[in-house]
Amino acid sequence: WRPRAMADPGGHRDKRAKAGPVQDFGVKMDDSMLKKCDALLKNLLKRNTAAVFSAPVDWRALNLPDYPKLIKQPMDLGTVQEKLTHKDYKLLEDFSNDVRLVWKNAMVFNGADSVYFKNAKQLCDVAEKKLAELEQEGAALMPAIEPLLRCELILSELMRNPLSEWFLHPVDVDGLGLHDYRTVISKPMDLSTVQRLLKGEKYETVEAFAADVKLVFDNCIAYNGATSMFGVIAGIMSGIFDRKAALLTAAAQQAPPPRLGQPVPDREGWPTFQQKKKFYDACTKLTLVELNHIVKLVHRSCAAALQHNGDKEVELDVDGLDMDTFNKVLKYAKQCTNRNEAAAAPNPAPDGGSVSARLVLVSPPARMPDALALEHRRAAGAPAPAPSAVRGPVDACTTCARGTRAGASVARRASPGGIWPRLLRGALGHGAARRADHRRRELR
């Protein structure tokens, strides 16, 4: 992380993360975008400070024998121009990263006080400002995506950025001899760790994910200083992350309201789709007594999310829960799930008769019907159906937990997969139930 680490004889290879499936969500390099990138490049090349970056470095003629040792992936603006002319770039990001590679090589080989480093930083700022405009234009044409995929997309793009080389993995404190690192940095973080936490669904909110990504760059600046090579690059990466996160968040918030059965877009300060999915998963494992307690918790602080259907049934709209109430019921549901996992006992009916609690998810997971069929069969004491026995998908879904008698009655009447229409009518009406039933028959 300090300049002395630059003398690594292994040089600076292309250590960027390889492209994954989320790359398909990038801004496509169509003819219109190609012309704009060409204009950006020509604007850079006409500047006097760009002359040294317009052609490959002739390290032999310049007597720079260390150049090929340090720079394993040379790049220059002339080569970028040639690739652009031949339409080698499929995405705007590919073009952007080649331009960034030019600045990175100059910063790595030249000290932070050199004129070449400063010129590279100046041109980088000009390029990033224009790239931000192009990304904004492209983002307007991209479909809204759910938060987990949105975070994966941002992280994937960051990890493919050539400037991310020093942020991909944990700092090798002992190997680099950075004996004071743990004293200065109280919470180390790197992009591969963020990726692992993201894949493990450890982030409850998009904000928590963003905080860890920002921590990667803040740590670098705190340890090396904002004007060091690493500090300058960390500042550039932090700015790129900020604008990409803002663009994708804005796109999700401006999406039109979903049709029935489609996920509700995330809203600032409200539970995300992934949080609601975790809540649903936990509720499918709760007893009826525990579900009734959740209803009581909601009634105390967010009664508007409850709808009473007669004396024996309460409907809870999860999308109507404010964040504080949602956190309370999610915490309670997780505690109960952890306690009940080993036992896996049937749902007992509470004293005082058969009561049911229904949790309505407006943004249901794709395979929710499997869990539904399993829950009702488990309540009836019947064996669980094979995964292929329940066919999907459906327009929307509810999580029902009924008394043993009612659950047994439903399970006896329903053939595998045939339970859907009866469960759906309560929340969607007969029309949606008929559509779900018709779709199920088509899939057989």
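Please read all numbers here as calculations on a predicted model, not as lab measurements.
Considering only heavy atoms from C-beta on, K121 comes within 4.5 Å of M107 through its side chain. Two residues are said to be in side-chain contact when any heavy atoms from C-beta on lie closer than 4.5 Å; F217 and I233 fail this criterion. Contact of the W166 side chain with the V171 side chain is not registered, since no non-hydrogen atoms from C-beta on lie closer than 4.5 Å. You'll find the side chain of K104 reaches within 4.5 Å of the side chain of E165, heavy atoms only. A heavy-atom distance below 4.5 Å is not found between the side chains of D94 and M29. Inter-residue side-chain proximity for V27 and L134 is flagged as unmet; no heavy-atom pair is nearer than 4.5 Å. Counting heavy atoms from C-beta on, the side chains of Y67 and N105 come closer than 4.5 Å. Proximity of N219 to F167: side-chain heavy atoms (C-beta onward) are nowhere separated by under 4.5 Å.
Going from atom CG of L34 over to atom CG of L84 covers 4.5 Å, rounded to the nearest 0.5 Å. To the nearest 0.5 Å, atom OG1 of residue T272 and atom NZ of residue K277 are 11.5 Å apart.
A salt bridge does not link D31 to K36: none of the charged side-chain nitrogens sits closer than 4.0 Å to a carboxylate oxygen. Salt-bridge formation is detected for the pair E204/K334: a Lys NZ or Arg NE/NH1/NH2 atom is positioned less than 4.0 Å from an Asp or Glu carboxylate oxygen. Checked for salt-bridge contact, K199 and E152 miss the test: no charged N lies under 4.0 Å from a carboxylate O. Of the charged side-chain nitrogens involved, none lies within less than 4.0 Å of a carboxylate oxygen, so that D281 and K276 do not count as a salt-bridged pair. Of the charged side-chain nitrogens involved, none lies within less than 4.0 Å of a carboxylate oxygen, so that K35 and D30 do not count as a salt-bridged pair. Salt bridge absent: E133 and R243 never bring a charged side-chain N and a carboxylate O closer than 4.0 Å. Ion pairing between a basic and an acidic side chain is recognised when a charged N comes within 4.0 Å of a carboxylate O; E157 and R160 show no such pairing. A salt bridge links D242 and K214; the closest N-O separation between the charged side-chain nitrogens and carboxylate oxygens is under 4.0 Å.
A donor-acceptor pair under 3.5 Å links the side-chain atoms of N327 to the main chain of M323, judged by distance alone. A donor-acceptor contact shorter than 3.5 Å links the side chain of K278 to the backbone of E201. Under the 3.5 Å distance criterion, the side-chain polar atoms of T337 are matched with a main-chain donor or acceptor of A333. Of the possible donor and acceptor atoms, one in the side chain of K72 sits under 3.5 Å from a partner among the backbone N and O of P68.
Aromatic ring orientation, Y332 versus H293: tilted (interplanar angle from 30° to 60°).
Using modelled atom types and a 3.5 Å distance limit, the side chains of D322 and T325 yield a donor-acceptor pair. Remark: the T85 side chain and the E82 side chain contain no N/O donor-acceptor pair separated by less than 3.5 Å. Remark: the Q81 side chain and the D38 side chain contain an N/O donor-acceptor pair separated by less than 3.5 Å. Of the N and O atoms on the side chains of T79 and D76, at least one donor lies less than 3.5 Å from an acceptor on the other residue. Side-chain contact check for S96 and R100: no donor-acceptor pair (N or O, by modelled atom type) lies under 3.5 Å. Side-chain N/O atoms of S192 and D190 include a donor and acceptor closer than 3.5 Å.
Atom NZ of K130 is surrounded by 12 or fewer heavy atoms from other residues, nucleotides or ligands within 6.0 Å. Shown here is D58, whose CG atom has more than 12 heavy atoms of other residues, nucleotides or ligands within 6.0 Å.
A ring-centre distance under 6.0 Å is found for Y223 and Y181.
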Apply side chain to side chain contact (heavy atoms under 4.5 Å, CB included) to F279 and I294, showing your working. CA-CA 11 Å; F279 181 52; I294 284 180; 4.1 Å; yes

Which side-chain N or O atoms in residues 111-118 pair as donor and acceptor under 3.5 Å with protein atoms at least two apart or in another chain?
unit_1 : atom_1 : unit_2 : atom_2 : d
S114   : OG     : G111   : O      : 2.8
S114   : OG     : F117   : N      : 3.2

